[in-house]
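Reminder, nothing fancy here: chain letters follow the sequence lines and each chain counts from 1. Just so it is clear, the structure is predicted and the values come from calculations on it, not from any experiment.
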Amino acid sequence: MGSGKRQASGPPPHSPLATDLLRRLPSHQVLTTLAERRNYRYDAIQFGETPLAVVLPETTADVVAAVQAARAAGVPVVGRGAASGLSGGAAPLEPGLVISFTRMTGLRIDPARREARAQAGVVTLAVSEAARPHGLIYPPDPASFRTSTIGGNLAENAGGPMCFKYGVTGDYVRALQVVDAAGEVHELTRDAYDLAGLFIGSEGTLGLMTEATLRLVPPPRVTRTLMAHFPEVGACAEAVSQAIAAGAVPSKLEFMDRACTNAVEDYLSLGLPRGAEAVLLVDTDGDDLPTVEEERALVEAACVAAGGTVRRAGTDAEAAALWQARRSVSPALGRIRPQRMNEDIAVPRSALPEVVREIRALGDASAFTVVQFGHIGDGNLHPNILFDPRHDDPHAVHDLAHRIALVALRHGGVLSGEHGIGTMKRDFMRDAVDPVTLGALWSVKGALDPAGLLNPGKVLPEEVKG
Amino acid sequence: MNNEIRGAVPGGQGEVMAHAVDACVHCGFCLPACPTYALLGDEMDSPRGRIVLMKEVLEGALPLADAAPHLDRCLGCQGCVTACPSGVPYGELITAFRGWSEPQRARSPLDRAKRSAILKILPAPKVFSVAARVGQYTKPLAPLLPAALRAPLDLLPETVPAMQPSPAVTPARGVQRGRVAFLVGCAQQALTPNFNAATLRVLARNGIEVVVPEGQGCCGAAALHTGARDEALTLVRRNLATFHPGDYDAILSNAAGCGAGLKEYPMVLRGEHDEARASAFAAKVMDISEYLHRLLQAGELEPPLPASRPITVAYHDACHLAHAQGVRAAPRALLRFIPGVTVQEVPEGDLCCGSAGTYNLEQPELASQLGARKAKNILSTAPDLIASGNIGCHTQIQSHVRRAGSRAPVMHTVEVLDRAYRGEL
Ligand SMILES: Cc1cc2nc3c(=O)[nH]c(=O)nc-3n(C[C@H](O)[C@H](O)[C@H](O)COP(=O)(O)OP(=O)(O)OC[C@H]3O[C@@H](n4cnc5c(N)ncnc54)[C@H](O)[C@@H]3O)c2cc1C
Ligand code: SF4
Ligand code: SF4
């Protein structure tokens, strides 16, 4: 049997934790074999430790039972949605329990209140799909919205192309149900102390989100899409700054550089301009056609002034294809190099042209391919360092990522626009947050998770503790 | 994804597998495309999860027996391939992996016998026809049989038609525009002889001479995808010796699974002496709908007669047509070419119907859940007629829409066209 070699088979299926879990939960919710557990150690960026057991809960009570078992065993708990995270958040750093929310997919729409009540494992897009027949949508739309879960979006406070005009996940949360480290269930609203706000974006380090009440809105009646391409990356950023300064509030403003455009073109063959150094995708939307078209005209004028060439999407299908192109950028980069370090900085819009050019220069001076794309309207950029782990030095990659992060900080920006800190940027937190504030963050963590069992090793750098 | 597969499995197939694993960035974009993930909601039964399982087995970090149940549940539908922006050739990975791992599998004697019987019966139309008849008489006993034996019986049509062997040459009618070779297929000759008859009629009517080269056999896809690599290689080599690509404008198949199998020959022979020959062969292979669509685009396809009344056709994308071969537009365009026909898109259209080669026999439970889901989605479009381009989907969909109480006819795309030509639509 097997492939000849003797394999490490890890702890036996009935480790004390597994036995306890099986006592508290139905067996189809508890994964114990090696093949099952090995598959819950990664997210979209990194592989971590094989968990001791995995629980696939269906109700909040199941989550409580799982947390209690982990507490009794004294092992860490890592929450996991679709593991599409790009900061290593769902990859366990120590053997422990993974709670995977993919089967918690209960979803109820309340059209009268314009609300959705969603369990953590509901796929983001599903909320909009369920709301649409009622004339409503759920705007937060990370590029991963077909895959990622509401729980993961809440934990990362995910954004997306729509967030420039409509805001990010946290802006749509009315109430949140959370299971804390002690296994207690909390129903949080946004009043008084905004504890819900504290949990949103906490990357599973303060508690596990089990359900959320989300705000729905009517979709805009009209949308206009345009694409512009530029002979230089900074020019694209200038166009964005000018368009916004002129008063346009596009609903989406996205950019991708030449390498991105080409990777996507290899995948989708949409006829994107392969030769352009930067491509800008813009939606203007609203209920009043003249206003929407006026806004588009403002953007067009800014693009042309910055040396760009503008193309309007003629049909809905053409617009949809362009947006699919944008959503595919990140994974399509896998065609160039098997691995990448994904940065997620956000900078003031006025600094954009300078920042994009500096990052471009850093990339050109390095041995790596550095590509850029992002929600440029928010100043949210995703510089990616592409590398091949078989040949490239991981320290050099990390060092370059650090220098890119410093560019953002130098221009008054932040380390994460939407993907979170996770493990990828934990070390850079010391550059970004002053020691006093870091101390406060540690105090909050200590108050809510005294034993440090919730997603240890993420977000907060170790040394400043205490 | 970092891996050490090249060292573990040297040679052409090791390279195929290592390349596929390299290319995966574990982003999870493939998750919503995967039927087993949709049903089971766990990572081991997702494309990304299976890629990791295969990697770990190949690297020796996981015993094959642990990974096998999850890999066995894969339908090979390649929905993940369509969904993957990184271009991971998952189909090649799972095929190569099954070929590599099958000889090492611990299987019960009964299981082995069943698998080898399936692989012997499927490719032999005459044997299959007899077996299907026997099966029909056995149908009343079905409730007494274990699930694994009951599943194939459930799928048999109400009547098994008489075999209709295809003539060696079907001459073109009118001005001859082209000459093609035709792979007649295996099971479908026995179950749905009209697929081939309609194909020959439609091609001839459009000025295409059709040759059925003597000595051709099963495409080998069923053997290949169940890991019987040696049997598959024999079949592949036999077809390579039979079809001479230089003699024809195209080599046509009207079964999506077979067409995809033929297009895979270069991958199967990667690194072996016949590789170049396989590439020349595969370059000529086309699905019947692709070929007819080219005629349509060139303005050379004879217009069919209008349907007798407006007809709504629910077109079902066979996985091996849409995902494995990337053929989506052609069959739709052909159907729309018939005056009076409206083509309906099926909700969750990219999700496999659960037929997937021998899946019905090996995973009857999941296959049946997917079949029921597909039937529900198709019927939600209130179709007058259901069309698809694959025998496996055909039987699966037919049996599940009947079970759901619909009498809508289920046809091959080319049959719909054939009927329209004959004024019978
Ligand atoms: C191709 C691609 C494109 C992307 N584009 C965007 C984008 O445009 N905008 C954006 O913001 N992000 C984007 N992302 C990143 C990622 O999809 C988001 O961060 C998403 O919110 C993660 O959701 P998930 O369900 O996959 O969570 P996971 O990756 O499984 O988990 C993310 C974090 O949340 C925690 N977590 C998960 N579920 C829970 C829960 N129920 N309770 C508590 N903690 C939990 C995990 O422990 C982890 O720390 C992209 C990712 C990919 C691969
Ligand atoms: S979509 Fe492609 S790259 Fe992403 S996880 Fe799936 S197979 Fe891997
Ligand atoms: S081939 Fe189909 S069943 Fe198999 S992993 Fe891909 S999508 Fe899932």
Side-chain angles (χ1 to χ4, degrees), chain A residues 1-9 31 33-47 54 56 80-86 100 102-105 121 123 125-126 143-144 146-148 263-264 266-268 324 327-335 337-340 388-390, chain B residues 1-4 6 8-9 18-19 21-34 37-38 40-46 48-53 55-71 82-88 100-101 103-106 326 347:
Chain A
M1 273 288 344
S3 61
K5 269 195 224 174
R6 193 51 236 147
Q7 291 95 352
S9 36
L31 306 181
T33 72
L34 187 59
E36 294 166 336
R37 293 182 287 116
R38 297 281 288 177
N39 267 11
Y40 284 88
R41 71 190 208 280
Y42 51 79
D43 68 0
I45 206 82
Q46 142 180 340
F47 278 67
V54 179
L56 295 161
R80 187 184 200 264
S84 73
L86 289 172
S100 169
T102 48
R103 289 185 190 160
M104 277 182 68
T105 53
V123 169
L125 176 63
S144 55
R146 285 175 200 285
T147 307
S148 62
V264 172
D266 289 344
Y267 168 44
L268 295 170
Q324 195 201 347
R327 275 196 295 275
S328 305
V329 165
S330 171
L333 294 171
R335 289 171 184 249
R337 287 281 188 288
Q339 211 137 323
R340 64 209 172 95
D388 185 338
R390 283 173 298 168
Chain B
M1 210 183 291
N2 231 348
N3 71 77
E4 284 140 34
R6 285 177 186 85
V9 188
H19 165 70
V21 173
D22 269 347
C24 176
V25 297
H26 36 104
C27 65
F29 265 41
C30 50
L31 300 181
C34 178
Y37 183 76
L40 302 166
D42 61 42
E43 187 69 33
M44 312 75 72
D45 296 297
S46 79
R48 176 178 65 179
R50 292 192 174 107
I51 292 171
V52 172
L53 290 178
K55 161 189 139 74
E56 308 256 288
V57 171
L58 289 166
E59 290 177 345
L62 190 67
L64 174 60
D66 285 15
H70 306 294
L71 299 175
T82 302
C84 173
S86 305
V88 174
W100 172 83
S101 62
Q104 311 169 41
R105 292 287 293 269

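- Interface remark: A:Arg80 contributes side-chain atoms only to the contact with chain B (heavy atom separation under 4.5 Å).
- The OG1 atom of A:Thr33 sits 7.0 Å away from atom CE of B:Met44, with the distance rounded to the nearest 0.5 Å.
- Looking at A:Asp43, the atoms closer than 4.5 Å to chain B (heavy atoms on both sides) all sit in the backbone: N, CA, C or O.
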- request: May I have the step-by-step check of side chain to side chain contact (heavy atoms under 4.5 Å, CB included) for B:Asn2 and A:Phe47, ending in yes or no?
  value: CA-CA 10 Å; B:Asn2 231 348; A:Phe47 278 67; over 6 Å; no
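- For a residue to count as touching a neighbouring chain, one of its non-hydrogen atoms must lie under 4.5 Å from one of that chain's; by this rule A:Ala143 touches chain B with the backbone only.
- When all heavy atoms are compared, the tightest approach of B:Tyr37 to A:Thr102 is OH-CG2, 3.1 Å.
- Neither the backbone nor the side chain of B:Ala68 comes within less than 4.5 Å of any heavy atom of chain A.
- Among A:Pro331, A:Ala35, A:Ala332, the residue with the largest count of heavy-atom pairs under 4.5 Å with chain B is A:Pro331.
- When all heavy atoms are compared, the tightest approach of B:Pro32 to A:Thr147 is CD-OG1, 3.7 Å.
- Ranked by heavy-atom pairs under 4.5 Å with chain A, the list B:Val88, B:Leu31, B:Val52 is led by B:Val52.
- Chain A forms the most heavy-atom pairs under 4.5 Å with one residue out of B:Pro69, B:Ser101, B:Gly41, and that residue is B:Gly41.
- Only the backbone of B:Cys84 has a heavy atom closer than 4.5 Å to any heavy atom of chain A.
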- prompt: When you look at A:Leu31 and B:Glu43, which way does the side chain to side chain contact (heavy atoms under 4.5 Å, CB included) test go after all the steps?
  reply: CA-CA 11 Å; A:Leu31 306 181; B:Glu43 187 69 33; over 6 Å; no
- request: Check the pair A:Tyr42 / B:Met1 against side chain to side chain contact (heavy atoms under 4.5 Å, CB included), numbers first and verdict last.
  value: CA-CA 11 Å; A:Tyr42 51 79; B:Met1 210 183 291; over 6 Å; no
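- Contact record, B:Cys27 with A:Ser84: O-CB, 3.7 Å, taken as the closest heavy-atom pair.
- For a residue to count as touching a neighbouring chain, one of its non-hydrogen atoms must lie under 4.5 Å from one of that chain's; by this rule B:Asp42 touches chain A with backbone and side chain alike.
- Chain A forms the most heavy-atom pairs under 4.5 Å with one residue out of B:Ala67, B:Gly87, B:Cys24, and that residue is B:Gly87.
- Going from atom CG of B:Leu62 over to atom CG of A:Leu34 covers 5.0 Å, rounded to the nearest 0.5 Å.
- Here the side chain of A:Arg390 pairs no donor or acceptor atom with the backbone of B:Asn3 at under 3.5 angstrom.
- Contact of A:Gln324 with chain B is not made at all, since no heavy-atom distance falls under 4.5 Å.
- Counting heavy-atom pairs closer than 4.5 Å to chain B, the top residue among A:Arg103, A:Arg335, A:Arg146 is A:Arg335.
- For a residue to count as touching a neighbouring chain, one of its non-hydrogen atoms must lie under 4.5 Å from one of that chain's; by this rule A:Gln339 touches chain B with the side chain only.
- Using a 4.0 Å cut-off between charged nitrogen and carboxylate oxygen, B:Asp66 and A:Arg38 do not count as a salt-bridge pair.
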